[in-house]
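All remarks here apply to the structure that follows.
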2 protein chains.
Amino acid sequence: MARAGLTAERLTRAGAELADEVGFAQVTVSALARRFDVKVASLYSHVKSSHDLKTRIALLALEELADRAADAVAGRAGKDALVALADVYRDYAREHPGRYAAAQYRLDTETARASAGVRHAQLTRAILRGYDLTEPDQTHAVRLLGSVFHGYVSLELGGGFSHSAPDTQETWIRTLDALDTLLRNWPAP
Amino acid sequence: MARAGLTAERLTRAGAELADEVGFAQVTVSALARRFDVKVASLYSHVKSSHDLKTRIALLALEELADRAADAVAGRAGKDALVALADVYRDYAREHPGRYAAAQYRLDTETARASAGVRHAQLTRAILRGYDLTEPDQTHAVRLLGSVFHGYVSLELGGGFSHSAPDTQETWIRTLDALDTLLRNWPAP
DNA sequence: ACTTTTCCCTAATGGCTTTAGGCAAATCGG
DNA sequence: CCGATTTGCCTAAAGCCATTAGGGAAAAGT
């Protein structure tokens, strides 16, 4: 019988697409097998488990996101860089909600350390070069920016912002303005 | 045979405890049945489905959280209120990670509208009375604060902050300082 | 061409969800 | 009180998902 040509990479990519279509939580070994028109057990030659599959999708998403982020930050500085980076996260989440959710998948310590996750922190730290912050404050600021980006995006995606009043695009712009102002006037301890 | 005395409320409370112990994602009708030493099917007289159970736990968490928040904000203003409210979220998430995750469970529109979720927005808006913001800016600020609180807490809980350098408590304090500064110097459009 | 490896399949187990239908316990009406 | 009704938990069963064991055929290597 003809072979389907499965590989861990193809499964991961298809899993990412599936996540965007039906939600990361609904990504299942069975659903993926159906998508390849193949029996479920066949996937287990390529991925160790459901957890392994999800981890691979998470790593893919983290890498895509870091690539986009690196691209956006390159050649920009200050508020320009800040906005570009922030938009990468927000746009990615809107274009690829399933992948964005995957990027939040809890990785064990060593997997996380080897992931593109570390690049994210570096990129965020990079845009802070355009602002005048002392070393420990940079770390605080990195965490703050991460919190705002992630928090905003996940609330917006989850419908946490009532679809009322000022639209979310306006809030986003004002939020980035506010962050820029804040970084330029970072309060002393 | 003796009855177990199940009710939707007891199941919900036990489900919340279970969530804190093993994670919200691991809360399952089966696990809950085991906890009550009862057969799985028995629970279906009290909750409609797994989704119904999770929704109830989410609503419980949202209410507990809103109660604590209301308590914290009462009699405080300005930065004092800001810090108190923020600490409620963070402390709740640390004490009850499963419940906190439950509070993030996606509710359908009408359930959300009837939930304590709306109280949260009101409470956040309330602390902004201590700052001088125009009406539309209040909404933006509510969303920003929600983003920071949620983003920070979920990153911290998920291990998103490498356990390195300055500890997270310090970052938290500096983050709240920063937010206070920001609200007092809210940039014009 | 033949051997070895790789890939996908069948078969089977066990867990979770959900529905249908039954018997006993609690509750109620006279 | 006691029979009738309602309520609560059970057994049974079907369906979906995850995972493992072992087999046979296609692809790759010699």
Side-chain angles (χ1 to χ4, degrees), chain A residues 1-60 98-99 101-102 104-108 111, chain B residues 1-60 98-99 101-102 104-108 111:
Chain A
M1 40 200 58
R3 296 195 178 183
L6 305 179
T7 66
E9 285 66 36
R10 287 191 61 196
L11 290 175
T12 305
R13 263 193 295 278
E17 286 165 24
L18 184 59
D20 286 336
E21 291 165 22
V22 304
F24 184 62
Q26 277 64 53
V27 171
T28 183
V29 181
S30 297
L32 207 50
R34 274 193 293 276
R35 174 164 287 226
F36 279 96
D37 210 11
V38 133
K39 298 298 171 180
V40 194
S42 305
L43 301 209
Y44 283 84
S45 311
H46 305 280
V47 296
K48 265 198 290 296
S49 63
S50 181
H51 174 255
D52 179 36
L53 172 65
K54 286 180 189 151
T55 299
R56 285 168 188 271
I57 298 173
L59 293 175
L60 171 69
R99 284 159 148 97
Q104 253 54 61
Y105 190 66
R106 189 79 134 100
L107 303 175
D108 50 283
T111 306
Chain B
M1 44 199 63
R3 296 196 176 181
L6 305 180
T7 65
E9 285 67 35
R10 287 191 59 195
L11 290 175
T12 304
R13 262 193 296 277
E17 286 165 24
L18 184 58
D20 286 337
E21 290 166 22
V22 303
F24 184 61
Q26 277 64 54
V27 171
T28 183
V29 181
S30 296
L32 207 50
R34 274 193 292 277
R35 173 163 288 225
F36 279 95
D37 210 11
V38 133
K39 297 299 170 179
V40 193
S42 306
L43 302 208
Y44 283 85
S45 312
H46 304 281
V47 296
K48 267 199 288 296
S49 62
S50 180
H51 175 256
D52 179 36
L53 172 65
K54 287 180 188 149
T55 299
R56 286 168 188 272
I57 297 173
L59 293 174
L60 171 69
R99 284 157 147 101
Q104 253 56 60
Y105 190 66
R106 189 76 136 100
L107 303 175
D108 50 282
T111 306

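The sequence lines fix the lettering, A, B, ..., with proteins before strands; numbering per chain opens at 1. These values consider heavy atoms only, across backbone and side chains, with no hydrogens, waters or symmetry-generated copies.
Separating the NE2 atom of His46(A) from the P atom of dA18(D) is a distance of 16 Å, rounded to the nearest angstrom. Arg3(A) has its CZ atom 4 Å from the C1' atom of dC7(C), to the nearest Å. Look at CZ on Arg35(B): it is 18 Å from P on dC9(D), rounded to the nearest Å. A straight line from OH of Tyr44(A) to P of dC17(D) spans 11 Å, rounded to a whole angstrom. The NZ atom of Lys39(B) sits 15 Å away from the C1' atom of dC16(C) (whole-angstrom rounding). Taking atom CG of Leu53(A) as the reference point, atom C1' of dA18(D) lies 12 Å away to the nearest angstrom. A straight line from NZ of Lys48(B) to C1' of dT18(C) spans 14 Å, rounded to a whole angstrom. If you measure from atom CG of Asp37(B) to atom P of dG8(D), you get 19 Å, rounded to the nearest angstrom.
Picking from dC9(D), dC8(C), dT18(C) the nucleotide with the shortest atom distance to the side chain of Ala4(B) gives dC9(D). Listed nucleotides dC9(C), dT17(C), dT19(C) differ in distance to Ala41(B); the shortest reach to its side chain belongs to dT19(C).
At distances below 3.5 Å, at least one donor-acceptor pair connects side-chain atoms of Thr12(A) with backbone N or O atoms of Ala8(A). Proximity of a side-chain donor or acceptor of Asp52(A) to a complementary backbone N or O of Val47(A) within less than 3.5 Å is not detected.
Side-chain N/O atoms of Arg34(A) include one lying less than 4.0 angstrom from OP1 or OP2 on dC17(D). When the side-chain nitrogen and oxygen atoms of Ser45(B) are compared with OP1 and OP2 of dG8(D), none of them lie within a distance under 4.0 Å. For the OP1/OP2 pair of dC16(C) and a distance below 4.0 Å, the side-chain nitrogens and oxygens of Ser50(B) include no atom meeting the criterion. Taking side-chain N and O atoms only, Ser42(A) has a distance below 4.0 Å to OP1 or OP2 of dC9(C).
Rounding to the nearest 0.5 angstrom, the gap separating the NE2 atom in His46(A) from the CD atom in Glu9(A) is 10.5 Å.
Ring-centre distance between Tyr105(B) and His51(B): below the 6.0 Å cut-off.
For the pair Thr28(A) and Val38(B), nearest-nucleotide mapping onto DNA chain D gives the more 5' position to Val38(B).
Counting heavy-atom neighbours within 6.0 Å of Asp37(A) CG, excluding the residue itself, gives a total of 12 or less.
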